[in-house]
S.K.: 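I'd like to ask some things about the structure below.
Residue numbers start at 1 and run along the sequence shown.
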Amino acid sequence: QVQLVESGGGLVQAGGSLRLSCVVSGRTASSLVMGWFRQAPGKEREFVTDISWAGANTYYADSVKGRFTISRDNAKNTAYLEMNSLKPEDTAVYYCAASGRVRFIATMISPLDYEYWGQGTQVTVSS
């Protein structure tokens, strides 16, 4: 059974940085597309970014492009989300997601595209 465990969330001031990690167990990470989503109170879960199996391709939501960076280390079965220049509107629960489907990552922007989910980690950006 595939399990995803996120860590690294917290409270940060606007303009600050955080790095989230997502450890995969139960399946080799290199066989999975990895993604990050976020959900703010009262809002739907929204796509943030995803990365292809080997890490050669990445795709970002416009709202985070240029500020967030997704990466992965398949030897450690881990994906990362580096978040810089954080804004109060980035406040949300951030979820790691994974999929074994063979599709272009730019098309995998719906939560329905992912089979596996972490429990989420809270990111709060104060103004």
Side-chain angles (χ1 to χ4, degrees):
Q1 183 176 355
V2 177
Q3 290 189 324
L4 309 179
V5 179
E6 304 102 330
S7 61
L11 173 64
V12 64
Q13 288 188 333
S17 299
L18 281 174
R19 188 193 196 201
L20 306 183
S21 299
C22 173
V23 178
V24 180
S25 62
R27 181 166 173 173
T28 303
S30 59
S31 67
L32 298 167
V33 169
M34 302 296 299
W36 289 93
F37 286 73
R38 65 186 182 186
Q39 188 166 18
K43 294 188 177 181
E44 293 186 352
R45 192 168 298 190
E46 67 171 358
F47 171 81
V48 176
T49 179
D50 61 357
I51 187 168
S52 57
W53 297 343
N57 297 297
T58 58
Y59 186 71
Y60 295 91
D62 288 342
S63 58
V64 306
K65 201 173 295 182
R67 300 188 298 122
F68 290 11
T69 303
I70 189 172
S71 61
R72 64 191 300 161
D73 184 342
N74 287 337
K76 296 182 178 179
N77 263 21
T78 302
Y80 304 97
L81 181 63
E82 184 77 33
M83 304 184 294
N84 297 315
S85 302
L86 282 161
K87 305 175 182 179
E89 51 263 44
D90 294 317
T91 295
V93 177
Y94 282 71
Y95 295 91
C96 177
S99 175
R101 295 169 182 163
V102 181
R103 290 178 53 184
F104 292 115
I105 60 169
T107 67
M108 298 180 68
I109 62 174
S110 166
L112 298 177
D113 294 322
Y114 294 83
E115 305 96 274
Y116 311 111
W117 291 87
Q119 81 288 351
T121 185
Q122 177 70 46
V123 171
T124 303
V125 184
S126 63
S127 57

S.K.: Among residues at least two apart in sequence or on other chains, which ones pass side-chain contact (heavy atoms from CB on, under 4.5 Å) with E46?
M.R.: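 Scan of E46 (side-chain contact (heavy atoms from CB on, under 4.5 Å), adjacent residues dropped) gives R38.
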S.K.: My understanding is that only residues two or more places apart in sequence, or in another chain, count here; which of them pass salt bridge (Lys or Arg N to Asp or Glu O under 4.0 Å) with E89?
M.R.: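 For E89 there are no salt bridge (Lys or Arg N to Asp or Glu O under 4.0 Å) partners, ignoring immediate neighbours.
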S.K.: Output all residues satisfying ring-ring contact (aromatic ring centres under 6.0 Å, His included) with W53, sequence neighbours left out; order by chain, then residue number.
M.R.: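 Not a single residue meets the ring-ring contact (aromatic ring centres under 6.0 Å, His included) criterion with W53.
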S.K.: When you look at Y94 and L81, which way does the side chain to side chain contact (heavy atoms under 4.5 Å, CB included) test go after all the steps?
M.R.: CA-CA 10 Å; Y94 282 71; L81 181 63; 4.1 Å; yes
S.K.: Would a distance-only check, ignoring hydrogens and angles, find a side-chain to backbone donor-acceptor pair under 3.5 Å from T91 to V125?
M.R.: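 Side chain of T91 to backbone of V125: a pair is present.
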S.K.: Taking the side chain as C-beta and beyond, is there a heavy-atom pair between Q119 and E6 under 4.5 Å?
M.R.: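 In short, these two side chains touch, coming nearer than 4.5 Å.
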S.K.: Roughly how far apart are I109 CD1 and Y60 OH, rounded to 0.5 Å?
M.R.: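 These two atoms lie 15.5 Å from each other.
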S.K.: Give every donor-acceptor pair under 3.5 Å between a side-chain atom in residues 28-35 and any protein atom, sequence neighbours left out.
M.R.:
unit_1 : atom_1 : unit_2 : atom_2 : d
S31    : OG     : R27    : NE     : 3.0
S31    : OG     : T28    : O      : 2.7

S.K.: Going by the rule side-chain contact (heavy atoms from CB on, under 4.5 Å), which residues pair with Q3 if we only count those two or more places apart in sequence or in a different chain?
M.R.: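 In terms of side-chain contact (heavy atoms from CB on, under 4.5 Å), with neighbours along the sequence ignored, Q3 is linked to S25.
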S.K.: Do any N or O atoms from the side chain of S99 and from the backbone of D113 form a donor-acceptor pair under 3.5 angstrom?
M.R.: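 Between the backbone of D113 and the side chain of S99 there is a qualifying donor-acceptor contact (under 3.5 Å).
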S.K.: Less than 3.5 Å apart, which donor and acceptor atoms pair up between the side chains of residues 7-21 and the rest of the protein, not counting sequence neighbours?
M.R.:
unit_1 : atom_1 : unit_2 : atom_2 : d
S17    : OG     : N84    : OD1    : 2.8

S.K.: Hey, are D90 and K87 close enough for a salt bridge, meaning a charged N less than 4.0 Å from a carboxylate O?
M.R.: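 So D90 does not pair with K87 through a salt bridge.
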S.K.: What residue among Y80, Y59, W36 forms side chain to side chain contact (heavy atoms under 4.5 Å, CB included) with I70?
M.R.: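 When Y80, Y59, W36 are each tested with I70, the side chain to side chain contact (heavy atoms under 4.5 Å, CB included) holds only for W36.
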S.K.: Can M108 be reached from W117 by stepping across I, L, V, M, F, W or Y side chains whose heavy atoms are under 4.5 Å apart?
M.R.: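 In one cluster: yes.
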S.K.: Got more than 12 heavy atoms from elsewhere within 6.0 Å of NZ, K43?
M.R.: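 Atom NZ in K43 is not packed in, count stays at 12 or less.
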S.K.: For the residue pair Y95 and R45, establish whether any side-chain heavy-atom pair is separated by less than 4.5 Å.
M.R.: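 Y95 reaches R45 side chain to side chain.
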S.K.: Looking at G55, is its backbone amide N or carbonyl O close enough to the side chain of R72 to form a donor-acceptor pair, meaning the two atoms are under 3.5 Å apart?
M.R.: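 Absent.
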S.K.: Treating Ile, Leu, Val, Met, Phe, Trp and Tyr as nodes and any side-chain heavy-atom pair under 4.5 angstrom as an edge, say whether V23 and V93 lie in one connected cluster.
M.R.: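 As far as the 4.5 Å side-chain criterion goes, V93 and V23 are not connected within one cluster.
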S.K.: Any heavy-atom pair between the side chains of F68 and L86 that's under 4.5 Å?
M.R.: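 They are in side-chain contact.
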S.K.: According to a hydrophobic-cluster definition based on side-chain heavy atoms being under 4.5 Å apart (Ile, Leu, Val, Met, Phe, Trp, Tyr only), do I105 and I51 belong together?
M.R.: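 No; tracing contacts between hydrophobic side chains, which count when under 4.5 Å, never links both residues.
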